[in-house]
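What follows is a single structure, written as structure tokens, with notes after it.
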Amino acid sequence: MNGADTAWVLICAGLVLFMTPGLALFYGGMVPVRNVLTMLMQNIIPLGIISVTWILVGYTLAFSNRGNSVLGEFDAFALIDVDTPQFHTVAAGVTIPTLAFVAYQMMFAVITPALLTGATAGRLRFAGWVVFLAAFSILVYPQVARWLWHPKGWLFQLGAQDWAGGMVVHASAGAAAVAVLLVVGRRRGWPNLRNSPNNLPLMLVGGGILWFGWFGFNAGDGLQANDIAAQALINTHVAGSAAMLTWLLVERITRGHCTLVGAISGAVAGLATITPCAGYVGTGAALLIGLIAGCVCVVAVRLKSVLHYDDALDVIAVHFVGGVLGSFLLGFFGDSSVNPAGDDGIFSGGGGMLLWHQIVALVSVVLFSFVLSWIVAAVISRTIGLKEPGPEQEDLDRVQQDSSAYSLSGISARPTAAGRAAVDGSPGGDVRHSAPSHVVSAVVNTERIDGLRDALLMAGARSLELSDTAVYSGKIRTDSFRSEKRLIDFDERFRVQAAVDSDHEEAVVAVLKRFGAEPESIYRMAIAPN
């Protein structure tokens with residue numbers, strides 16, 4: 001065994017695993033605030049389900065040394081009697097333990113179906129999703145992996161190439177996403193639905209983790225720490241960077257703004273597109289592939305409004321189109337001088353044979369994944385259910401988890417020392433109050449909620465209510481998320497209602513003004529006696 005190669009593959013397995021929580025954060029930041037936990041859960045649960053199905057049957061179906069060109073046998077069931085696998089990425093010289101290969105490939109199996117949750121965001125019933133994951137990880141993914149990544153696989157023998165999953169991961173997941181969308185349909189209120197992303201900084205963190213993990217995704221697929229791994233790593237980074245820039249350029253030209261969402265979406269599009277090519281092309285080709293990916297995928301986002309499909313987070317435009325595009329472009333940019341295990345594409349003098357093999361493989365993988373995913377989704381939909389009813393879609397976190405991602409909309413629920421003093425009558429609090437006679441209400445624009453609360457209690461407020469509110473501003477501004485634009489004339493504020501007695505009313509009003517309440521928003525209501 002080669003210690004360096006083994007260590008590299010094990011590290012890459014950890015990097016690919018890290019991509020799954022990264023994907024959860026990436027998607028979680030872009031969904032509405034009441035669906036955050038649901039999205040995070042849908043992306044984390046594959047780590048549990050598919051890890052188990054992979055060990056039991058997934059690995060042996062995909063990489064069994066027995067079996068035929070279409071399906072493996074159960075000789076490695078539950079890894080009870082697992083042989084040294086027949087590797088696909090290099091002709092000879094792979095010297096890593098079998099279980100290192102099992103673990104590395106497991107992480108690919110885990111993240112593949114998780115990709116489609118971005119397309120179906122806001123609709124899936126958890127139990128149905130769990131069953132779909134298990135079925136996909138047994139009926140679809142292992143077969144596609146065997147066809148392209150096992151030396152006996154029929155597409156591998158045909159001559160099709162897929163370095164790290166442009167077809168096995170992205171095309172198969174994208175086709176499954178289309179199939180599931182046809183079964184579950186659109187979200188309630190779509191296309192007039194205009195839900196804002198809840199936390200774009202969280203999306204950035206998730207996108208950064210994906211980019212970081214992609215180095216293990218692509219650079220580890222040769223199963224050796226060598227020059228090809230270095231080439232795959234630099235290709236990955238260059239393509240992601242180039243696609244980010246072209247996506248932003250198109251945004252600037254067509255919309256007048258470069259956005260954070262566009263930057264990360266472009267990078268992910270480039271990373272997905274270079275995935276099938278990473279170990280088979282040179283750096284210059286990777287740069288061109290990234291530039292093409294940014295242009296094509298940003299245009300593909302606009303197809304939602306033309307084809308009228310509700311892909312919530314543009315999985316089809318980014319991952320599906322990116323994976324298909326990269327697999328297709330390999331037929332042009334493939335270069336055997338970079339990796340002797342690869343074939344030459346059109347631009348390297350290899351003619352059109354590699355391109356033809358790529359097209360055959362793409363059509364086969366997409367049709368297979370689409371048909372089986374549709375059948376599985378339809379059966380689940382007609383039995384235990386795959387889609388949450390319309391009203392429940394408004395607050396999936398409460399329906400499915402009886403919880404919320406952000407407690408009290410970010411307002412602290414724990415009294416500070418000053419607040420407890422004012423309420424409990426301990427030293428420092430003024431307890432000389434008569435019964436409250438009025439409620440003073442005001443709209444404030446402040447992030448110092450704790451300070452406002454304590455100041456109001458010290459000024460004599462007997463009870464407080466604080467809630468989110470939207471205030472008509474009279475000024476129209478444009479808000480956009482991907483290709484969707486919204487005209488907004490309301491601003492987000494907090495409404496404060498404080499019960500006070502007549503002796504402390506002026507002090508409470510003074511505090512509200514000090515914390516930014518506009519005079520016209522302040523009014524008082526008499527408290528009717530019981």
Side-chain angles (χ1 to χ4, degrees), residues 19-20 23-24 27 39 42-43 45-47 49-50 53-54 58 61-62 107-149 155 162 164-187 268 272 275-276 300 303-304 307 309-327 361-382 384-387:
M19 294 177 73
T20 297
L23 183 70
Y27 285 163
M39 176 55 69
Q42 288 176 4
N43 281 269
I45 196 62
L47 279 170
I49 295 170
I50 298 178
T53 61
W54 181 254
L61 290 173
M107 305 313 165
F108 284 80
V110 166
I111 198 171
T112 299
L115 293 174
L116 68 87
T117 59
T120 57
R123 279 157 285 182
L124 292 184
R125 179 172 291 177
F126 183 67
W129 172 237
V130 167
V131 175
F132 181 88
L133 282 174
F136 183 91
S137 66
I138 296 172
L139 301 176
V140 180
Y141 181 85
Q143 284 62 254
V144 176
R146 185 174 187 84
W147 297 352
L148 284 156
W149 284 350
L155 290 177
D162 186 6
M167 287 184 271
V168 176
V169 176
H170 295 284
S172 67
V178 175
V180 174
L181 284 178
L182 289 177
V183 174
V184 300
R186 300 164 178 168
R187 287 167 293 174
V268 172
T275 292
L303 292 178
K304 286 196 301 185
L307 301 178
Y309 63 90
D310 183 12
D311 178 2
L313 303 181
D314 297 311
V315 171
I316 295 172
V318 174
H319 292 281
F320 186 34
V321 172
V324 170
L325 177 65
S327 301
L362 280 168
V363 172
S364 303
V365 168
V366 168
L367 287 178
F368 177 78
S369 179
F370 173 82
V371 172
L372 260 70
S373 297
W374 184 87
I375 293 173
V376 170
V379 171
I380 296 172
S381 179
R382 292 179 177 273
I384 65 174
L386 188 59
K387 180 180 181 180

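Quick note: residue numbers are just sequence positions, from 1.
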Side chain to side chain donor-acceptor pair (under 3.5 Å): which pairs involve residues 138-147, sequence neighbours left out? none
Rounded to the nearest 0.5 angstrom, the CG-CH2 distance for N43 and W129 is 7.5 Å
Please verify the inter-ring angle class for H170 with H319; under 30° counts as parallel, over 60° as perpendicular, anything in between as tilted. parallel
Short side-chain to backbone donor-acceptor contact, D162 and M167, under 3.5 Å: yes
Taking V183's backbone N and O only, do any of them form a donor-acceptor pair with W374's side chain (distance below 3.5 Å, no angle check)? no
Considering only heavy atoms from C-beta outward, does the side chain of F108 approach that of W149 to under 4.5 Å? yes
Hey, are the side chains of F136 and T112 touching, using non-hydrogen atoms and a 4.5 Å cut-off? yes
Between CD1 on residue I138 and OG1 on residue T53, distance to nearest 0.5 Å: 5.5 Å
Using modelled atom types only, decide if a donor and an acceptor are shared between the side chain of S381 and the backbone of A378 within a distance under 3.5 Å. no
First locate atom CG of L386, then atom CZ of F126, and finally report the distance between them rounded to the nearest 0.5 Å. 12.5 Å
State, to 0.1 Å, how close V321 and A300 come at their nearest heavy-atom pair, and which atoms those are. CG2-CB, 4.0 Å
A135 and V376 have their tightest heavy-atom pair at CB-CG1, 3.6 Å
Stepwise side chain to side chain contact (heavy atoms under 4.5 Å, CB included) test for V365 and V168: CA-CA 8 Å; V365 168; V168 176; over 6 Å; no
If you look at every heavy atom in L372 and L139, which pair is closest and at what distance? CD2-O, 3.4 Å
Do T120 and K387 make a side-chain contact, defined as non-hydrogen atoms from C-beta onward lying under 4.5 Å apart? no
Report the distance from atom CZ of R125 to atom CD of Q42, rounding to the nearest 0.5 Å. 12.5 Å
Does the S137 side chain pair with the main chain of A134, one donor and one acceptor, at a distance under 3.5 Å? yes
Residues Y27 and V315: closest non-hydrogen pair is OH-CG2, 3.3 Å
Given D310 and K304, is the salt bridge (Lys or Arg N to Asp or Glu O under 4.0 Å) satisfied, shown in steps? CA-CA 7 Å; D310 183 12; K304 286 196 301 185; 5.9 Å; no
In chain order, what residues pass the side chain to side chain donor-acceptor pair (under 3.5 Å) check against T275, with sequence neighbours excluded? W214
Hey, does L116 have a side-chain heavy atom less than 4.5 Å from the side chain of F132? yes
How close do A127 and I384 get, heavy atom to heavy atom, and via which atoms? O-CD1, 3.8 Å
Kindly compute the distance separating CD1 (I316) from CG (D314), expressed to the nearest 0.5 Å. 9.0 Å
Any residue meeting side chain to side chain donor-acceptor pair (under 3.5 Å) with S369, in chain and number order, not counting sequence neighbours: none
Grab the two heavy atoms, one from P142 and one from G58, that are nearest each other, plus how far apart they are. CB-O, 3.6 Å
What do the steps show when you test V366 against F320 for side chain to side chain contact (heavy atoms under 4.5 Å, CB included), and what is the final call? CA-CA 10 Å; V366 168; F320 186 34; 3.9 Å; yes
Hey, does the side chain of R186 reach the backbone of Y309 with a donor-acceptor pair shorter than 3.5 angstrom? no
Let me confirm one number: the CG-CG distance from L362 to L325, rounded to the nearest 0.5 Å. 10.0 Å
